[in-house]
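Right, one structure below, let's go through it.
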Amino acid sequence: MEQEDWILHLSEIRKRLLLVTAWFIVTLCAGLYVSPAILRFMKAQPSAEQIEWNVFSFTDGLMIYMKCALLFALLFTLPLLLYQCWAFVRPGLTEREAKGTLPFIPAAFALFLVGLTFSYLVVFPMMLGFMKKMNRSIGAIETYGIDRYFTFLFDIVLPLAIAFELPVVMLFLTRIGLLNPARIKSTRKYAYVGLAITGSCISPPDMISHLSVTVPLILLFEISVFISNRSWGANRASVTNH
């Protein structure tokens, strides 16, 4: 019986992986189609329209094109992948646990998009402007390769987008009992220091830029704390009622 169950689980995993793979191929094809428009849109932004995207090898343009399509496909495959993971473990969850964990999927995706938007439209232009100013101050001739431009972009945008997952992570840790209000309160000052250091590392070295990045991160943390506390209270009340 155990062997039959194991075979059934492997079969289900295979079906779900095939579904995710098929959707990834579809979104990759869509990404290949829309990548030129996405890249033109990015080139038209104020942070990039004054910068020439030079290529220093025959493959630079192709690699950026493919990376753009791949990131597009990964972004829009992620919700389906998370849902399939949830659906696979769903039979082992209670009805309350299933209802409580399903909203994590759209919430995580939405927060990631918000983080991408904020980091691309606010933080990246600040960093780019500061770096250009520094280069000009030492008399350097600015010649930017498209590969280096996007590497610099991803190094700033992706970490911040991931940081915007903080509310979902803290809520999840609260739901499974690893976090509670007392523990969060005891680590709040360390979290503030960590967020301030993070904000200073990914923003230009001036006070306004530091605050522009650090304040949203701290607000995000406090929102996470509020949600976590509410979740903890709801869990305790549910346990008491039962």
Side-chain angles (χ1 to χ4, degrees), residues 5-45 48 53 55 57-93 97-121 123-124 145-173 175-176 220:
D5 289 342
W6 179 250
I7 293 173
L8 287 174
H9 284 314
L10 288 179
S11 178
E12 185 180 358
I13 291 174
R14 178 177 173 273
K15 290 179 181 179
R16 295 189 185 282
L17 285 177
L18 286 174
L19 179 61
V20 172
T21 302
W23 178 247
F24 174 77
I25 293 173
V26 170
T27 54
L28 181 61
C29 293
L32 291 171
Y33 179 77
V34 302
S35 284
I38 293 174
L39 292 171
R40 286 195 299 270
F41 171 79
M42 296 177 69
K43 188 67 179 74
Q45 299 306 301
W53 287 354
V55 294
S57 73
F58 291 108
T59 60
D60 279 358
L62 175 63
M63 292 303 296
I64 295 302
Y65 176 83
M66 293 302 297
K67 286 181 181 179
C68 183
L70 182 61
L71 287 173
F72 179 91
L74 290 174
L75 179 63
F76 288 99
T77 302
L78 182 60
L80 179 63
L81 177 61
L82 293 175
Y83 175 77
Q84 292 302 322
C85 291
W86 176 86
F88 178 73
V89 301
R90 170 66 181 85
L93 302 176
E97 288 171 337
K99 290 182 178 180
T101 53
L102 183 58
F104 282 95
I105 297 173
F109 183 64
L111 284 172
F112 191 80
L113 290 180
V114 171
L116 279 178
T117 303
F118 172 75
S119 54
Y120 179 65
L121 295 180
V123 181
F124 178 65
I146 189 172
D147 182 60
R148 291 293 89 196
Y149 177 91
F150 277 92
T151 298
F152 182 60
L153 171 65
F154 293 150
D155 286 346
I156 293 173
V157 169
L158 291 180
L160 259 181
I162 294 173
F164 269 69
E165 298 296 299
L166 185 61
V168 173
V169 172
M170 290 187 65
L171 180 57
F172 177 76
L173 293 177
R175 287 282 176 87
I176 63 177
L220 197 64

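No hydrogens, no waters, no symmetry mates; every other heavy atom, side chains included, goes into these values.
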Take Phe109 and Leu113 through the test side-chain contact (heavy atoms from CB on, under 4.5 Å) and record every step on the way to the result. CA-CA 6 Å; Phe109 183 64; Leu113 290 180; 3.6 Å; yes

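- Rounding to the nearest 0.5 Å places CZ of Phe150 at 13.0 Å from CG of Asp155.
- Cys68 approaches Ile38 most closely through the heavy-atom pair SG-CG2, 3.8 Å.
- The minimum heavy-atom distance between Ile156 and Pro159, with the atom names listed, is O-CD, 3.5 Å.
- Although no hydrogens or angles enter the test, the distance criterion places a donor-acceptor pair under 3.5 Å between the side chain of Tyr65 and the main chain of Leu32.
- Using modelled atom types, no side-chain atom of Ser119 and backbone atom of Ala161 make a donor-acceptor pair closer than 3.5 Å.
- Crowding of Lys15 atom NZ: a count of heavy atoms from other residues, nucleotides or ligands under 6.0 Å not exceeding 12.
- Sparse packing is recorded around CZ of Phe41, with 12 or fewer heavy atoms of other residues, nucleotides or ligands lying under 6.0 Å away.
- Every side-chain contact (heavy atoms from CB on, under 4.5 Å) that Thr117 has, sequence neighbours left out, goes to Leu121.
- Atom CZ of Phe154 is separated from atom OH of Tyr120 by 10.0 Å, given to the nearest 0.5 angstrom.
- Interatomic distance, OG of Ser35 versus NZ of Lys67, reported as 13.0 Å (0.5 Å rounding).
- The main-chain N or O of Phe76 is found under 3.5 Å from a side-chain atom of Trp23 such that the two form a donor-acceptor pair.
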Please evaluate residues Arg16 and Val20 with respect to the criterion side-chain contact (heavy atoms from CB on, under 4.5 Å), reporting the C-alpha separation (whole Å), side-chain torsions for both, the decisive distance (0.1 Å), and the verdict. CA-CA 6 Å; Arg16 295 189 185 282; Val20 172; 5.5 Å; no

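- With values rounded to the nearest 0.5 angstrom, Leu81 atom CG is found 10.0 Å from Leu74 atom CG.
- By the 6.0 Å contact criterion, CZ on Phe88 is enclosed, its count of non-hydrogen atoms from other residues, nucleotides or ligands being greater than 12.
- Going from atom OG1 of Thr27 over to atom CG of Leu75 covers 9.5 Å, rounded to the nearest 0.5 Å.
- Taking OH from Tyr149 and CD1 from Ile64, the interatomic distance works out to 11.0 Å, rounded to the nearest 0.5 Å.
- Residues forming a side-chain contact (heavy atoms from CB on, under 4.5 Å) with Ile162 (at least two apart in sequence, or on another chain): Phe112.
- Between Leu19 and Gln84 the shortest side-chain heavy-atom distance falls below 4.5 Å.
- In terms of heavy atoms, Leu220 sits closest to Ala163 at CD2-O, 3.5 Å.
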